[in-house]
Amino acid sequence: MNTSRIRRAAVAVAAAAVLPFSLAACSDSGKNEASGSGAPASSAPAQENTSAPADSDMTPDGPFGPACAGVPKEGAGSFDGMAKDPVATAASNNPALSTLVTAVKQAGLVDTLNNAQNITVFAPTNDAFAKIPKADLDKVLADKDMLTKILTYHVVGQKLTPKQLENGTFETLQKSTLTTKGSGEEYTVNDSSKVVCGNVPTANATVYIVDTVLMPK
């Protein structure tokens, strides 16, 4: 009788000793499962990063293009300075557009451009004019009617965003049309003239600086 009681007591003590370890094991198992279920969360940022390259196709909000690096950082010829002046005045403060400014003055278009509202100007660089043989350029500069037609062909009567340039056809102040194509930071006008510094704001216009003079169709 005493032996039987002793055995039952021993079993009860053993069970009491084992039970906490069993509970602990269950608890550890729950933690491990919770830890395991959280593991995929650590890979979430990697999945998000896969969408990053799509940004390269986004149209720019500000000035863009290789020639923008040559724009002065400060003063009237800087982007901030040009934004405060009407387009003809702003162009006169950019050394890369001096030939264009001379042509605009020769054609008597300074006031026309400065007083226009919400226009886009495709502004050829000095190098763009240099592509024209000097004799031909001198002839154009001396012919006010021809010069006016060429210069007004570079002006569109609305402000154009880079998004609109992706595949656009626009009427110019010269009354014929020009076409634009491209995406991101690469655009061409009439399939030949490349935008080298685009989306430049002035007080009354958006300017796209181009590397080739456009000729009316």
Side-chain angles (χ1 to χ4, degrees), residues 63 65 67-68 70-71 76-77 79 81-162 164-165 167-182 187-217:
C68 290
V71 174
F79 290 130
M82 292 178 70
K84 298 175 183 177
D85 291 323
V87 64
T89 302
S92 69
N93 293 320
N94 188 323
L97 301 177
S98 60
T99 304
L100 173 63
V101 172
T102 297
V104 168
K105 291 178 179 179
Q106 191 78 12
L109 292 174
V110 172
D111 289 341
T112 299
L113 293 178
N114 277 348
N115 293 327
Q117 295 299 315
N118 299 321
I119 60 175
T120 294
V121 177
F122 293 93
T125 62
N126 295 344
D127 290 340
F129 281 101
K131 293 180 181 180
I132 302 173
K134 188 177 185 304
D136 293 340
L137 181 58
D138 289 344
K139 182 178 180 180
V140 169
L141 291 174
D143 187 333
K144 186 175 181 179
D145 288 340
M146 183 183 298
L147 183 59
T148 299
K149 289 179 180 179
I150 292 174
L151 293 177
T152 54
Y153 182 68
H154 289 74
V155 184
V156 173
Q158 59 177 306
K159 284 188 176 182
L160 300 177
T161 65
Q164 289 175 285
L165 299 188
N167 187 17
T169 300
F170 307 100
E171 183 177 357
T172 70
L173 295 192
Q174 187 266 337
K175 299 304 181 183
S176 58
T177 60
L178 56 78
T179 60
T180 60
K181 293 181 181 179
Y187 299 90
T188 58
V189 185
N190 288 351
D191 294 321
S192 60
S193 186
K194 294 182 179 180
V195 174
V196 293
C197 182
N199 206 25
V200 179
T202 70
N204 68 325
T206 299
V207 177
Y208 291 89
I209 299 174
V210 294
D211 68 355
T212 303
V213 177
L214 306 173
M215 293 298 177
K217 296 179 180 180

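Keep in mind that what you see is a predicted model, and the values were worked out from it rather than measured.
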As an exercise, state the distance from [atom1] of [X] to [atom2] of [Y], rounded to the nearest 0.5 Å.
X: Met146; Y: Leu141; atom1: CE; atom2: CG; answer: 11.0 Å
X: Leu165; Y: Thr120; atom1: CG; atom2: OG1; answer: 7.5 Å
X: Phe79; Y: Cys68; atom1: CZ; atom2: SG; answer: 4.0 Å
X: Lys149; Y: Leu173; atom1: NZ; atom2: CG; answer: 15.0 Å
X: Thr206; Y: Asn118; atom1: OG1; atom2: CG; answer: 8.5 Å
X: Gln106; Y: Thr148; atom1: CD; atom2: OG1; answer: 10.0 Å

Heavy-atom check, side chain of [X] versus side chain of [Y], under 4.5 Å:
X: Val213; Y: Ile150; answer: yes
X: Pro201; Y: Met82; answer: no
X: Ile209; Y: Leu97; answer: yes
X: Lys217; Y: Asn190; answer: yes
X: Leu113; Y: Val155; answer: yes
X: Val189; Y: Thr179; answer: no
X: Gln158; Y: Gln164; answer: yes

Where do [X] and [Y] come nearest, in terms of heavy atoms and distance?
X: Asp85; Y: Asn93; result: OD2-ND2, 3.6 Å
X: Asn114; Y: Pro86; result: OD1-CB, 3.3 Å
X: Asn126; Y: Pro95; result: ND2-O, 3.0 Å
X: Val140; Y: Leu147; result: O-CB, 3.6 Å
X: Leu214; Y: Ser193; result: CD2-CB, 3.6 Å
X: Val156; Y: Glu171; result: CG1-O, 3.7 Å

- Lys181, NZ atom: more than 12 neighbouring heavy atoms under 6.0 Å: no
- Message: Is it the case that over 12 heavy atoms from other parts of the model lie below 6.0 angstrom from the NZ atom of Lys159?
- Response: yes
Scan side-chain atoms only and decide if [X] and [Y] contain a donor-acceptor pair under the 3.5 Å cut-off.
X: Asn199; Y: Tyr187; answer: no
X: Lys131; Y: Thr212; answer: yes
X: Thr180; Y: Asn167; answer: no

Determine whether a donor-acceptor pair (N or O, by modelled atom type, separation under 3.5 Å) exists between the side chain of [X] and the backbone of [Y].
X: Asn204; Y: Gln117; value: no
X: Asn94; Y: Ala90; value: no
X: Thr172; Y: Ser176; value: yes
X: Asn115; Y: Asp111; value: yes
X: Tyr153; Y: Thr177; value: yes

- Among Val101, Leu100, Val87, side chain to side chain contact (heavy atoms under 4.5 Å, CB included) partner for Ser92: Val101
